[in-house]
Amino acid sequence: MTKPPLPDIAGAANSDVVSRSDDNLRLPLWAQLKVWLMTQIASGELPPHTQLPSEADLCRRFGVSRTVVREALKQLVMEQRIYKMQGKGSFVSEPRTDQDFVGSTMSFTSDLQRSGHIVTRQLLNQCLRQPSDEEARLLQLTDDEAEVVEIDRVLFVDGEPRTRVTAILRASAVPGLAATPMGNRSLYQTLQQRYGIVLKKAERWVSAANTDADTASLLNIEPGSAILNIQSVSTDQNGRRIELYFAQHRTDKSRLHFFIK
């Protein structure tokens with residue numbers, strides 16, 4: 001991790017932290033410094049994982065107090081534009097994508113693909129099995145429905161593991177799916193094209209958690225890292241509950257975007 005040279009503005013007046021535009025002059029000093037740093041990050045002058053100048057360097061070069069510098073850095077950390085390493089300093093964060101998670105969108109992948117991202121999948125397990133009592137309750141299985149289809153996969157975005165998703169489907173609605181190669185296929189396209197099933201609505205629960213060693217290895221993160229646990233039950237056009245899924249979603253590379261109607 002290299003430390004970039006500071007801009008040639010040594011000795012600048014306090015009001016010159018970013019520029020002399022009227023808009024910037026109305027900002028507090030910490031906000032001016034924050035804007036300047038954000039501009040450097042957005043322009044690529046400070047690429048991901050580049051070390052920022054030290055607090056003392058920023059104070060000296062911009063002629064501001066340590067309180068001003070610390071507030072600017074604090075705000076950038078809160079917005080996840082930068083991160084701090086104990087005893088080493090502040091560094092530029094990787095850019096994160098916003099992953100849409102609206103109620104009318106069933107798929108994790110469609111919005112990402114429309115945005116130009118490449119989404120691939122790694123199959124971990126695919127089988128026909130008996131449901132647990134909780135799965136049977138959530139899918140509202142009848143007494144004569146004794147099996148579900150499980151498809152456990154890792155979703156990759158632009159070659160990087162992003163989410164582990166275990167889908168549990170009502171077997172009576174998808175005959176033959178357990179034997180269908182689903183490695184890199186879209187589940188929702190398969191449901192629509194092969195079975196005429198269109199998922200119309202979903203109920204979801206989201207909670208914060210720390211990843212276990214197995215999932216951490218699959219997602220290429222440290223065990224105990226913060227993730228989002230997502231549980232969803234999806235209903236088709238006929239009002240049947242078709243799919244239950246459990247997802248473990250990395251939070252360091254993207255945010256989930258909720259749209260409330």
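A donor-acceptor pair shorter than 3.5 Å cannot be found between the side chains of R185 and T180. Between the side chains of R164 and T215, a donor-acceptor pair is found at a separation under 3.5 Å. A donor and an acceptor atom, one from each side chain of E145 and T142, are located under 3.5 Å apart.
Using a 4.5 Å heavy-atom cutoff, the side chains of L244 and Q231 are in contact. L37 is not listed as a side-chain neighbour of I82, based on a closest heavy-atom distance of 4.5 Å or more. Here the side chains of H49 and V92 are not in contact, with every heavy-atom distance at 4.5 Å or above. Side-chain contact between Y245 and I230: present, with at least one pair of heavy atoms (C-beta onward) separated by less than 4.5 Å. V165 is not listed as a side-chain neighbour of R153, based on a closest heavy-atom distance of 4.5 Å or more. Considering only heavy atoms from C-beta on, R240 comes within 4.5 Å of I197 through its side chain. Looking at Q126 and P181, their side chains never come closer than 4.5 Å, going by heavy atoms from C-beta outward.
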TODO: Just do the side-chain contact (heavy atoms from CB on, under 4.5 Å) check on V174 and T190 with the steps written out, would you?
DONE: CA-CA 10 Å; V174 289; T190 301; over 6 Å; no
- [ ] Would you sort out whether L58 and V68 count as a side-chain contact (heavy atoms from CB on, under 4.5 Å), showing the intermediate values?
- [x] CA-CA 10 Å; L58 291 171; V68 168; over 6 Å; no
Task: Verdict with supporting geometry, L169 and L191, side-chain contact (heavy atoms from CB on, under 4.5 Å) - done: CA-CA 10 Å; L169 297 113; L191 291 179; 4.1 Å; yes
- [ ] Decide yes or no on side-chain contact (heavy atoms from CB on, under 4.5 Å) for L177 and M182, but give the supporting numbers first.
- [x] CA-CA 8 Å; L177 182 62; M182 290 299 297; 4.0 Å; yes
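Across every non-hydrogen atom of P131 and V148, the tightest pair is CB-CG1, 3.7 Å. Smallest separation of non-hydrogen atoms from R241 and L138: NH1-O, 2.7 Å. Shortest non-hydrogen contact noted between L199 and S234 is CD1-CB, 3.8 Å. A pairwise comparison of heavy atoms in L218 and P161 identifies O-CB, 3.5 Å as the closest pair. Smallest separation of non-hydrogen atoms from Y195 and A173: CD2-O, 3.8 Å. Nearest approach of A216 to T211, heavy atoms of both residues: N-OG1, 3.3 Å.
Cluster membership check: F156 does not share its hydrophobic cluster with Y188, using side-chain heavy-atom separations under 4.5 Å among Ile, Leu, Val, Met, Phe, Trp and Tyr. The hydrophobic clustering, which links ILVMFWY residues whose side-chain heavy atoms are closer than 4.5 Å, places L123 and L219 apart. Linking ILVMFWY side-chain heavy atoms closer than 4.5 Å, directly or via other members, places L139 and F246 in a single hydrophobic cluster. Grouping the Ile, Leu, Val, Met, Phe, Trp and Tyr side chains by contacts below 4.5 angstrom, directly or via other members, places L29 with M38. Placement of V77 and L33 within a single hydrophobic cluster is found when ILVMFWY residues are connected by side-chain heavy-atom separations under 4.5 Å, directly or transitively.
D143 CG: 12 or fewer foreign heavy atoms inside a 6.0 Å radius. Counting non-hydrogen atoms of neighbouring residues, nucleotides and ligands closer than 6.0 angstrom, the CD atom of Q130 reaches no more than 12 such neighbours.
Remark: the backbone N or O of K88 is paired with a side-chain donor or acceptor of Q51 at under 3.5 angstrom. Judged purely by atom type and a 3.5 angstrom limit, Q40 has no side-chain atom pairing as donor or acceptor with the backbone of L46. No side-chain donor-acceptor contact under 3.5 Å links Q192 to the backbone of V198.
Ring orientation note: the planes of W36 and F62 are nearly perpendicular, at an angle over 60° on the 30°/60° scale.
Rounding to the nearest 0.5 Å gives a distance of 14.0 Å between CD1 of I168 and CD1 of I242. Rounded to the nearest 0.5 angstrom, D212 CG and I227 CD1 are separated by 7.0 Å. Note that CD of Q75 and CZ of R70 are 15.0 Å apart. Values are rounded to the nearest 0.5 Å.
Just one residue in the list K34, K84, E71 forms a side chain to side chain contact (heavy atoms under 4.5 Å, CB included) with L76, and that residue is K34. When each of V233, T235, L187 is checked for a side chain to side chain contact (heavy atoms under 4.5 Å, CB included) with E243, only L187 meets the rule.
Between R61 and D57, none of the side-chain N atoms (NZ, or NE/NH1/NH2) sits under 4.0 Å from a carboxylate O, so this pair counts as no salt bridge.
Taking the side chain to side chain donor-acceptor pair (under 3.5 Å) definition, one finds that E150 meets it with N125, R129, sequence neighbours left out.
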